Amino acid sequence: MKFIALVVKNLLRSTRRAVLTVLSIAVSLFIFSALMSLPTVANRVLADTASSVRIACRTKMGLAYPLPEAYKRKIAAIPHVVAIEPDNFFGGIYHEVSDQFPNIAVDPEQIDVMWPDWGFSPGGVEGFKRLRTACLVADGTMKRFHLNVGQQIQLRGGGYYPFNVSLTIVGTVAHGPAPSFLMFRRDYLEEIEGRPGRVDNFWVRADSSAAVPQIIVAANSQFANSSAETQCDSEAVFLGSVIGRFRMFFVLARVLGLIVVLTIGLVAANAAAMSIRERRKEIAVMRSIGFRAPLILRLLVAESVITALAGWLLGSGAAFGLLKIFSVTSDVLGPFVGAVQIPPTVVLETILAAVGIGLMSSYIPARAAARREIVDALRMVD
Amino acid sequence: MTGKNDAVLLEHVTRTYLRDDFEVRALDDVTLRIPEHCFVAIMGPSGSGKTTMLNLITGIDRPSSGRVSVGGEEITGMNEDKLASWRARHIGLVFQFYNLIPVLTAFENVELPLLLTELNKADRKTHVEAALKAVGLAERMHHYPRQLSGGQEQRVAIARAIVTDPTIVVADEPTGDLDAKSAEEILTLLSELNQRFQKTIVMVTHDARAERFVEATYRLDKGVFVGADNSLVAGGTK
């Protein structure tokens, strides 16, 4: 600890260079944090949302194609099925295009059985079952648009559903699939649409996780060779397949993150080498008064590590703050938006990256300076 | 071979360098002893090996052959780490160009060698203040080197050299970068330190004024010890 003052004073001998080095490391670690967070965010969505007893059924042809509503009774009849919920993704807009958030239509009868983990507000489920135009709104959406229970709102349709729906908020959802989210009744949607009997997905709840494979096989077999064959998967597999489409992007993000850190590591190495080169005389003097080479090496490396950690604090702090702001003010990322924050593993990775930058950038020039013959160093500069 | 009262003993010391393809003999079989508590000067023309001898005495250079003992301890066989620790305990170094750390205050520069000791902060402060007082700079301890004159910088360097109470203070052209008045002051200060604290001081200098202040002058020429002007001083070339 008694050397800290010496290290800090040396760090600040060229304030401009120190600030620029810290900023360059901060920017790189900011980018690194953001890029490295993406895959973890996706995995977190999966881990947070997936239930071991829920199954998602869609058509084999893909998410864009619907299933007949008539499948509901057939799937419900499969042994071990305790609830089934059809859903339609409405995709309505509240006020402006930028005000989008996921909104789906579901049948009212079994939402509490299907999603007991979503934290519906007291009276919300009852109100949802009672009122045809009822909707349940996620806490994040309520906060974002300053909505209140009992308030009437309108969602503008478009594309597949070219009509508006007028809804009454009857309750809130604390832990839905996304912090910004809305669900309303499918029978209301069907009524406006003219009862086409189309369903985007069926959510199925099994009585136990052990029964899930059996239900999946039974459902898929039942509709094999029909005009709308099903592909049923556990919720985790279903969400994983959705996220899996971005896997290459995630790999690319990680590679880019590493490249950014490596590049800044080289910039920091240049700065450290310049700083050490300018002080060869002082280093020789310190050694001549008794500082051992390993101590000099540690002091020089400590300067770089402190610089890098200051950059980490700034860069990661900025990333944390900006992502926090982004996550509560934007719904561009749809259901992923709530998970957009820096996970602890990424915090650890960025600390390691910062320490790595500090060590790698200074070790070689510091070692060379600490080991140079004192006489040569003194003669060279005098 | 080390005499009980020898601060420095050089025995058949030779130091050669390779410069390009040529061997340069900076010191050639020098044997000399410097008694304890003396203030001595090593003089000679440029290239005579004065600084090389000083470097050998402080252990920042090694002889090609021969033995160097300081304070009764042979340093020739010590490894780098041991030499560094030894220097921290036994050597106080004063350079021609002061060589203070520019980002540290006078106080912090003087405190630097004490960071290598076990002293706590309060004790370090006491030692630093005493050293700065001894060189007459107690009032300037919070000034940076750029805020001091050349003479004052050299005083800080001397305070840094004596703060650990070393066995021997070694000064390489301490007046070489100073005007006549400052040079006189520095020589007076070194002489006072020698008399008040019984410090052995070995000074390399070109400055003829130095002869008035020292007890003995060793003369080198072309790497050879050509004699001393004081009969107390023994030694010579082979």
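Every chain is numbered from 1, with letters handed out A, B, ... down the list of sequences. Only a predicted model underlies this, so the values are computations on that prediction, with no experimental measurement involved.
- Using a 4.5 Å cut-off between heavy atoms, B/Arg89 makes no contact with chain A at all.
- Shown here is B/His127, whose NE2 atom has no more than 12 heavy atoms of other residues, nucleotides or ligands within 6.0 Å.
- The greatest number of non-hydrogen atom pairs below 4.5 Å with chain A, out of B/Ile101, B/Thr164, B/Asp61, is found for B/Ile101.
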**OP:** Please step through side chain to side chain contact (heavy atoms under 4.5 Å, CB included) for the pair B/Thr105 and A/Lys9, ending with a clear verdict.
**Re:** CA-CA 10 Å; B/Thr105 62; A/Lys9 287 230 170 184; 4.3 Å; yes
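- Around atom CG of A/Leu256, more than 12 heavy atoms belonging to other residues, nucleotides or ligands sit under 6.0 Å away.
- For CD of B/Gln198, the number of neighbouring non-hydrogen atoms (other residues, nucleotides, ligands) closer than 6.0 Å is greater than 12.
- Within 6.0 Å of atom CD in A/Glu373, 12 or fewer heavy atoms from other residues, nucleotides or ligands are found, so the atom counts as exposed in its surroundings.
- A donor-acceptor pair under 3.5 Å links the side-chain atoms of A/Lys2 to the main chain of B/Leu115, judged by distance alone.
- In this structure, chain A has heavy atoms under 4.5 Å from both the backbone and the side chain of B/Asp81.
- Here the closest heavy-atom approach between residue A/Ile289 and residue B/Pro113 is recorded as CD1-CG, 4.1 Å.
- The existence of a salt bridge linking B/Glu80 and A/Arg292 is excluded, since no basic side-chain nitrogen approaches an acidic carboxylate oxygen closer than 4.0 Å.
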**OP:** Applying side chain to side chain contact (heavy atoms under 4.5 Å, CB included), run through B/Thr52 and A/Val375 and close with a yes or a no.
**Re:** CA-CA 9 Å; B/Thr52 301; A/Val375 172; over 6 Å; no
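- For chain A, the nearby parts of B/Leu112 are the backbone and the side chain; heavy atoms of each come within less than 4.5 Å.
- Within 6.0 Å of CZ in A/Phe249 there are 12 or fewer heavy atoms belonging to other residues, nucleotides or ligands.
- Judged by distance alone, the side chain of B/Arg87 and the main-chain N or O of A/Ser288 form a donor-acceptor pair under 3.5 Å.
- In this structure, chain B has a heavy atom under 4.5 Å from the side chain of A/Leu295, while its backbone stays farther away.
- Only the side chain of B/Glu108 comes within contact range of chain A, with at least one heavy atom under 4.5 Å from a heavy atom of that chain.
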Original post:
Between A/Arg13 and B/Leu104, is a side chain to side chain contact (heavy atoms under 4.5 Å, CB included) present by the stated rule, with each step listed?
Top reply: CA-CA 10 Å; A/Arg13 65 171 54 215; B/Leu104 302 182; over 6 Å; no
Original post:
Could you go step by step and tell me if A/Leu378 and B/Asn55 meet the side chain to side chain contact (heavy atoms under 4.5 Å, CB included) rule?
Top reply: CA-CA 11 Å; A/Leu378 288 173; B/Asn55 292 340; 5.5 Å; no
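- When heavy atoms are compared at a cutoff of 4.5 Å, B/Tyr98 does not approach chain A at all.
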